[in-house]
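Notes for the one structure printed next.
Here, residue 1 is the first one in the sequence, and each next residue gets the next number. Just so you know, these numbers use all the heavy atoms, side chains as well, and skip hydrogens, waters and symmetry mates.
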Amino acid sequence: MGVAEQGRNLCLFFIIGLFIGCIFDIFRGFRRTVKLPNLLVDLQDILFLLVSGFIYFRSILMFNHGELRFYIFLSSIIGIIIYALTLSQSCSIIFEEVFKLFKLTVKIIWRLLKLPYYFARKKFVKASKIKE
């Protein structure tokens, strides 16, 4: 493997480290917005581990032909650290706002879907009181 290919892989895994940091902020924004029981939080952590592990595994197979090199892990860790120090706060706020908007949208849709039920229940209660 030539030096140019190793430099390309160094940059690629740096970008993958940034991407993993972004995925972590997505999970963190969801966790802050939607309160879940501890068991589901643990399952969410396992899901993050599986997703990030799959991304690293596929990337190592695709870009580095399955060869594990020290600079791959070093560049990924540096990518995660730089993301955490620079973009994490901004992206975290954005993801939280997106999840809040999504949560509000789901609440509104849920209330609209419940309206026919309440209307029908009110009519049936009224009809049953008239028959009695």
Side-chain angles (χ1 to χ4, degrees):
M1 180 180 308
V3 175
E5 192 174 353
Q6 289 180 5
R8 180 185 64 93
N9 287 340
L10 182 85
C11 293
L12 283 171
F13 282 95
F14 174 79
I15 292 170
I16 290 169
L18 292 174
F19 184 66
I20 293 297
C22 183
I23 292 173
F24 178 76
D25 274 345
I26 291 171
F27 277 91
R28 184 169 56 174
F30 181 77
R31 185 178 295 164
R32 285 183 179 168
T33 306
V34 179
K35 301 301 178 198
L36 298 172
N38 288 338
L39 178 65
L40 292 179
V41 170
D42 293 341
L43 290 176
Q44 187 182 20
D45 289 341
I46 291 170
L47 180 64
F48 171 73
L49 177 69
L50 291 174
V51 167
S52 60
F54 177 76
I55 290 171
Y56 277 121
F57 181 72
R58 286 292 296 163
S59 299
I60 289 172
L61 284 178
M62 186 183 303
F63 300 123
N64 208 28
H65 311 295
E67 295 179 13
L68 292 176
R69 303 283 174 126
F70 177 72
Y71 65 86
I72 289 175
F73 297 110
L74 183 64
S75 64
S76 294
I77 291 170
I78 290 172
I80 292 170
I81 290 171
I82 288 178
Y83 176 83
L85 294 176
T86 57
L87 298 172
S88 181
Q89 286 184 331
S90 302
C91 290
S92 183
I93 291 170
I94 291 170
F95 292 136
E96 282 182 44
E97 292 303 316
V98 167
F99 283 123
K100 284 179 185 176
L101 181 64
F102 180 73
K103 186 178 174 181
L104 180 65
T105 305
V106 168
K107 275 185 178 179
I108 291 171
I109 291 172
W110 181 250
R111 286 182 182 168
L112 288 174
L113 290 174
K114 287 187 343 184
L115 278 178
Y117 167 74
Y118 287 125
F119 180 72
R121 191 176 91 185
K122 194 175 192 181
K123 288 292 182 183
F124 286 127
V125 169
K126 210 180 242 187
S128 66
K129 285 184 180 180
I130 294 173
K131 288 181 182 180
E132 291 177 359

Seminar exercise, completed: On a heavy-atom basis, the closest approach of S59 and I16 is OG-CD1, 3.1 Å

Exercise. Do V41 and V51 sit in the same hydrophobic cluster, where Ile, Leu, Val, Met, Phe, Trp and Tyr count as joined when their side-chain heavy atoms come under 4.5 Å apart?
Worked result: no

For this session: Could you pull out the closest heavy-atom pair between E67 and I72, with the gap in Å?
Result: O-CD1, 3.7 Å

For this session: Over all heavy atoms of both residues, which pair between Y83 and C91 is shortest? Give the atoms and the distance, please.
Result: OH-CB, 3.2 Å

Exercise. Under 4.5 Å between side-chain heavy atoms, hopping through other hydrophobics if needed: is there a path connecting L10 to F73?
Worked result: yes

For this session: Indicate whether the side chain of S92 and that of D25 have a donor and an acceptor atom separated by less than 3.5 Å.
Result: no

Seminar exercise, completed: Between the CD atom in Q6 and the CG atom in N64, the distance rounded to the nearest 0.5 Å is 8.0 Å

Problem set entry | Residue pair E96 / T33: nearest heavy atoms and the distance that separates them | O-OG1, 3.6 Å

Exercise. Yes or no on side chain to side chain contact (heavy atoms under 4.5 Å, CB included) for F102 and V34, after CA distance, side-chain angles and deciding distance?
Worked result: CA-CA 10 Å; F102 180 73; V34 179; over 6 Å; no

For this session: Look up atom CG in L47 and atom OG in S52, then write down how far apart they are to the nearest 0.5 Å.
Result: 9.5 Å

For this session: Give a yes or no on whether R8 atom CZ has more than 12 heavy-atom contacts from other residues, nucleotides or ligands under 6.0 Å away.
Result: yes

Seminar exercise, completed: Distance col, row I94:CD1 vs L87:CG, nearest 0.5 angstrom, shows 9.5 Å

For this session: For K107, look at atom NZ and say whether over 12 heavy atoms of other residues, nucleotides or ligands are found less than 6.0 Å away.
Result: no

Seminar exercise, completed: Those residues at least two apart in sequence (or on a different chain) that pass side chain to side chain contact (heavy atoms under 4.5 Å, CB included) with I108 are L104, L112

Exercise. Is it true that atom CD of Q89 has more than 12 heavy atoms of other residues, nucleotides or ligands lying nearer than 6.0 Å?
Worked result: no

Exercise. Do I55 and L68 belong to the same hydrophobic cluster, where Ile, Leu, Val, Met, Phe, Trp and Tyr are linked whenever their side-chain heavy atoms lie under 4.5 Å apart, directly or via other members?
Worked result: yes

Problem set entry | Criterion ring pair (Phe, Tyr, Trp, His ring centres under 6.0 Å) against F24, the qualifying member of F48, F30, F19 | F48

Problem set entry | Hphob cluster co-occupancy, I20 + I78, side-chain heavy atoms under 4.5 angstrom | no

Exercise. What distance do F14 atom CZ and I80 atom CD1 have between them, rounded to the nearest 0.5 Å?
Worked result: 10.5 Å

For this session: For the residue pair F63 and F13, categorise the inter-ring angle as parallel (less than 30°), tilted (30 to 60°) or perpendicular (more than 60°).
Result: perpendicular

Problem set entry | Nearest-0.5 Å distance that lies between atom CD1 in I60 and atom CG in N9 | 10.0 Å

Problem set entry | Single-linkage hydrophobic cluster L43~I26, side-chain heavy atoms < 4.5 angstrom | yes

